[in-house]
2 protein chains.
Amino acid sequence: MSEQPADSCIIKHFQSYTNIDDKDQQLLLSLEKGPQEWSKNAILWQQGDKSDSFFTLNKGWACSFRDMEDGSRQVLDVFVPGDIIGLREFAFQTRITSVVLLTDAVLCSFPRQHLDSIFASSLTLCNLMFMIIARDQAILLERLVNLGRRTAREKLAHFLVELAHRLGRTNALVEKHLSLPLTQNILADALGLTSVHINRTLQDFRQEGLLNTGNCHLELLNIKGLAEVAGFDAFYLETSVFSQPAKSGCSMQEELS
Amino acid sequence: MSEQPADSCIIKHFQSYTNIDDKDQQLLLSLEKGPQEWSKNAILWQQGDKSDSFFTLNKGWACSFRDMEDGSRQVLDVFVPGDIIGLREFAFQTRITSVVLLTDAVLCSFPRQHLDSIFASSLTLCNLMFMIIARDQAILLERLVNLGRRTAREKLAHFLVELAHRLGRTNALVEKHLSLPLTQNILADALGLTSVHINRTLQDFRQEGLLNTGNCHLELLNIKGLAEVAGFDAFYLETSVFSQPAKSGCSMQEELS
DNA sequence: AAGGACAGATAACCTAGGTTAAGTGATGGC
DNA sequence: GCCATCACTTAACCTAGGTTATCTGTCCTT
């Protein structure tokens with residue numbers, strides 16, 4: 001293979017959490033397939049499909065959703081570049097959600113059975129996988145709080161600020177303007193609201209100078225202001241890799257405040 | 001130690017998913033502490049506490065929740081006997097939720113650093129842990145759908161039927177009457193509703209012969225009827241352990257349809 | 001036995017957000 | 001260049017569920 005570790009989606013992703021040593025990098029590299037290009041609106045998989053792989057999202061955006069019997073839809077996650085898609089379907093033989101691409105995208109696929117090689121060969125990676133899935137859960141928990149106990153204004157602001165944080169991975173980016181490829185329908189389906197009410201709320205935010213709306217895009221102008229509307233606290237995004245097996249000498253926590 | 005494997009909370013729990021061989025049983029047994037008795041309304045931990053262990057719930061019920069700034073509360077999980085509590089806090093140094101006991105209870109604690117021993121020693125257990133956390137996520141996903149896109153009637157019915165399934169672990173139990181130690185406040189906080197509206201909805205269900213309400217208890221009389229109200233589909237609870245490492249000969253899927 | 005705390009019940013009234021419908025662009029296929 | 005589609009906008013009206021308040025019963029506590 002002519003690939004360099006730097007080309008690998010999943011190595012990049014893991015490196016953003018912690019140091020991955022050469023051996024582990026080679027292991028990951030040997031297991032992933034891709035990268036591969038996909039176009040906007042492509043369906044990555046549908047509920048009921050055989051569940052035998054997951055993906056890393058190198059470029060572009062995606063979301064997972066569930067179609068309801070009555071024709072409505074609940075968006076469950078929005079995935080941003082660097083995210084792993086489908087890890088939570090690990091326990092199921094068939095997909096329990098569908099995934100669609102919100103933009104043109106580049107993905108790598110990763111056959112699930114290769115997880116065994118990871119578990120068997122690298123405690124670091126095993127811990128890391130566990131940490132990533134636990135962080136996903138924390139995001140889901142926060143979304144539950146959002147849907148259960150906040151107003152439409154707060155829901156929308158919270159959702160947008162969370163995305164800003166996830167895109168930045170540090171607070172640095174949170175000060176800048178940020179463009180998100182999200183339609184009002186996607187927002188409505190993610191937040192359990194109607195697109196009409198999303199529109200009303202976006203109008204308000206726009207008049208308050210918090211953001212601009214465009215064609216299939218949202219530009220965040222004042223993320224701090226949105227965070228205040230939402231009462232946003234980023235604690236649930238601030239994971240840290242836990243105990244490091246003794247045999248490995250690297251510290252894993254330096255870049256994660 | 002005089003403990004027998006049969007006394008172990010976590011072995012029982014894992015056995016309900018798949019076969020655990022003797023070596024793995026000994027490993028688990030050596031790592032857990034307990035069992036220990038707790039009384040109703042005890043706080044297992046609070047948001048912000050140091051996060052260094054998880055628990056198995058041998059007897060009794062518990063729930064995790066988040067307190068909101070405005071004094072309201074969002075219940076995030078209800079835990080029933082056999083559940084693992086706190087696995088999802090794995091990625092965090094401090095607790096991101098609080099946990100309170102809904103009844104008197106018996107728990108075993110499990111220091112988190114011992115997970116490394118598990119990951120290092122047993123592929124079976126490593127896979128199993130992954131499966132359990134993934135199943136937890138599936139339950140969260142379904143709760144998101146519940147909060148986002150269903151009416152109060154559907155939310156309540158869905159929540160109750162899910163608990164019935166989790167208590168039964170098979171459809172067998174779903175035909176019988178079932179008593180749940182849940183107050184109307186807990187239900188309200190779990191479903192993003194008010195206790196007043198929970199009360200109204202429970203009155204309706206009672207008049208339809210679907211359940212009885214009592215003092216801090218709910219008796220489900222017609223689970224099939226509730227499932228119809230909710231449009232309930234149990235697919236998201238039906239996990240199965242995936243590929244089995246070659247070195248172990250046991251089949252893991254027989255008891256999981 | 002009195003008092004307090006809490007689960008539950010119920011009624012009157014209110015509002016956040018849903019529903020329906022009728023627009024206006026912009027985009028893209030042919 | 002025309003037509004269809006789709007994102008978005010806006011307005012009029014409606015309802016599911018929230019709010020507030022009062023009342024009951026039960027269980028602890030002392």
Side-chain angles (χ1 to χ4, degrees), chain A residues 39-41 61 63 68 70-75 100-104 146-159 179-207 211-219 229, chain B residues 39-41 61 63 68 70-75 100-104 146-159 179-207 211-219 229:
Chain A
S39 45
K40 182 173 168 174
N41 293 327
W61 288 52
C63 73
M68 311 289 290
D70 66 356
S72 67
R73 160 180 292 202
Q74 175 68 40
V75 167
V100 65
L101 297 179
L102 298 175
T103 65
D104 291 343
N146 215 17
L147 288 196
R149 285 285 180 240
R150 290 201 250 255
T151 64
R153 254 178 90 83
E154 292 167 341
K155 284 181 193 179
L156 183 50
H158 194 280
F159 184 77
S179 179
L180 317 176
L182 299 170
T183 66
Q184 298 181 7
N185 268 311
I186 296 282
L187 289 170
D189 289 340
L191 298 172
L193 299 166
T194 58
S195 59
V196 174
H197 199 68
I198 289 287
N199 187 283
R200 290 195 272 244
T201 311
L202 284 176
Q203 298 309 324
D204 292 347
F205 284 168
R206 192 159 58 180
Q207 274 166 28
L211 48 73
N212 267 329
T213 58
N215 193 21
C216 299
H217 278 270
L218 257 182
E219 196 190 0
V229 170
Chain B
S39 44
K40 182 172 170 175
N41 293 327
W61 288 52
C63 75
M68 311 288 291
D70 65 357
S72 67
R73 160 180 293 201
Q74 176 68 40
V75 166
V100 64
L101 297 179
L102 299 175
T103 66
D104 291 343
N146 214 17
L147 289 195
R149 284 285 180 241
R150 291 201 249 254
T151 64
R153 254 178 91 82
E154 292 166 343
K155 284 180 193 179
L156 183 50
H158 194 280
F159 184 77
S179 178
L180 316 176
L182 299 170
T183 66
Q184 297 181 7
N185 268 310
I186 296 283
L187 290 170
D189 289 340
L191 297 172
L193 299 166
T194 58
S195 59
V196 175
H197 200 67
I198 290 287
N199 188 284
R200 289 195 273 245
T201 311
L202 284 176
Q203 298 308 325
D204 292 346
F205 284 169
R206 192 160 57 180
Q207 273 166 28
L211 48 73
N212 269 329
T213 59
N215 193 22
C216 300
H217 278 269
L218 257 181
E219 195 190 359
V229 170

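Being a predicted model, the structure only gives us computed values, none of them experimental.
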- Query: So, for Ala157(B) and Val229(B), which heavy atoms are closest and what is the spacing to 0.1 Å?
  - Reply: CB-CG1, 3.7 Å
- Task: Provide, to the nearest angstrom, the distance between the CG atom belonging to Leu202(A) and the C1' atom belonging to dT10(D).
- Result: 14 Å
- Item | Leu102(B) versus Pro181(B), closest heavy-atom pair with distance | CB-O, 4.3 Å
- Val196(B) side-chain proximity, nearest of dT19(D), dA7(C), dG17(C): dT19(D)
- Query: What nucleotide, of dT19(C), dG18(D), dC27(D), holds the atom closest to the side chain of Asn215(B)?
  - Reply: dC27(D)
- Would you classify Arg206(B) as touching base, sugar-phosphate or nothing, given that sugar-phosphate means primed atoms plus P, OP1 and OP2, and contacts are heavy atoms under 4.0 Å? sugar-phosphate
- Rounded to the nearest angstrom, tell me the gap between atom CG in Leu193(B) and atom P in dA16(D). 14 Å
- What is the distance from NZ of Lys155(B) to P of dG17(D), rounded to the nearest Å? 7 Å
- Roughly how many Å is it from CG in Asn199(A) to C1' in dA21(C), rounded to a whole number? 15 Å
- Could you state the CD-P distance from Gln184(B) to dC6(C), rounded to the nearest angstrom? 16 Å
- Among the nucleotides dG18(C), dG17(D), dT10(D), which one has an atom lying closest to any side-chain atom of Gln203(A)? dT10(D)
- Message: Is the shortest side-chain heavy-atom distance between Arg206(A) and Asn212(A) below 4.5 Å?
- Response: yes
- Task: State whether the side chain of Glu219(B) and the backbone N or O of Thr213(B) hold a donor-acceptor pair below 3.5 Å, judged by distance alone.
- Result: no
- Message: I need the Leu156(A) CG to Ile198(A) CD1 distance, nearest 0.5 Å.
- Response: 5.0 Å
- For the side chain of Arg200(A), counting heavy atoms from C-beta on, which of dT26(D), dT10(D), dG18(C) is nearest? dG18(C)
- Query: Under 3.5 Å, is there a donor-acceptor pair between the Thr183(A) and Asn185(A) side chains?
  - Reply: no
- Item | Nucleotide of dT9(D), dG18(D), dG17(D) approaching Thr213(A) most closely (side-chain heavy atoms) | dT9(D)
- Message: Can you measure Asn185(B) atom CG to dA9(C) atom C1' for me and round it to whole angstrom units?
- Response: 13 Å
- Give a yes or no answer on whether the side chain of Thr201(A) reaches the backbone of Arg153(A) with a donor-acceptor pair at less than 3.5 Å. no
- Message: Tell me if the side-chain of Arg153(A) makes a donor-acceptor pair with the base of dG17(C), cut-off 3.5 Å, by modelled atom types.
- Response: no
- Query: What integer distance in Å separates Gln207(A):CD from dT9(D):P?
  - Reply: 12 Å
- Ser195(A) or Arg150(B), whichever maps to the more 5' nucleotide of DNA chain D: Ser195(A)
- Looking just at side-chain N and O atoms, do Gln203(B) and Arg200(B) make a donor-acceptor pair shorter than 3.5 Å? no
- Message: Distance check needed: dA9(C) C1' versus Asp204(B) CG, whole Å only.
- Response: 13 Å
- Comparing nearest nucleotides in DNA chain C, the 5'-proximal residue of the pair Thr183(B), Ile198(A) is Thr183(B)
- Note on the structure: Rounding to the nearest 10°, end axes of the helix from dA1(C)-dT30(D) to dC30(C)-dG1(D) built from five pairs each make an angle of 50°
- Choosing from dG18(D), dA7(C), dG18(C), which nucleotide comes nearest the side chain of His197(A)? dG18(C)
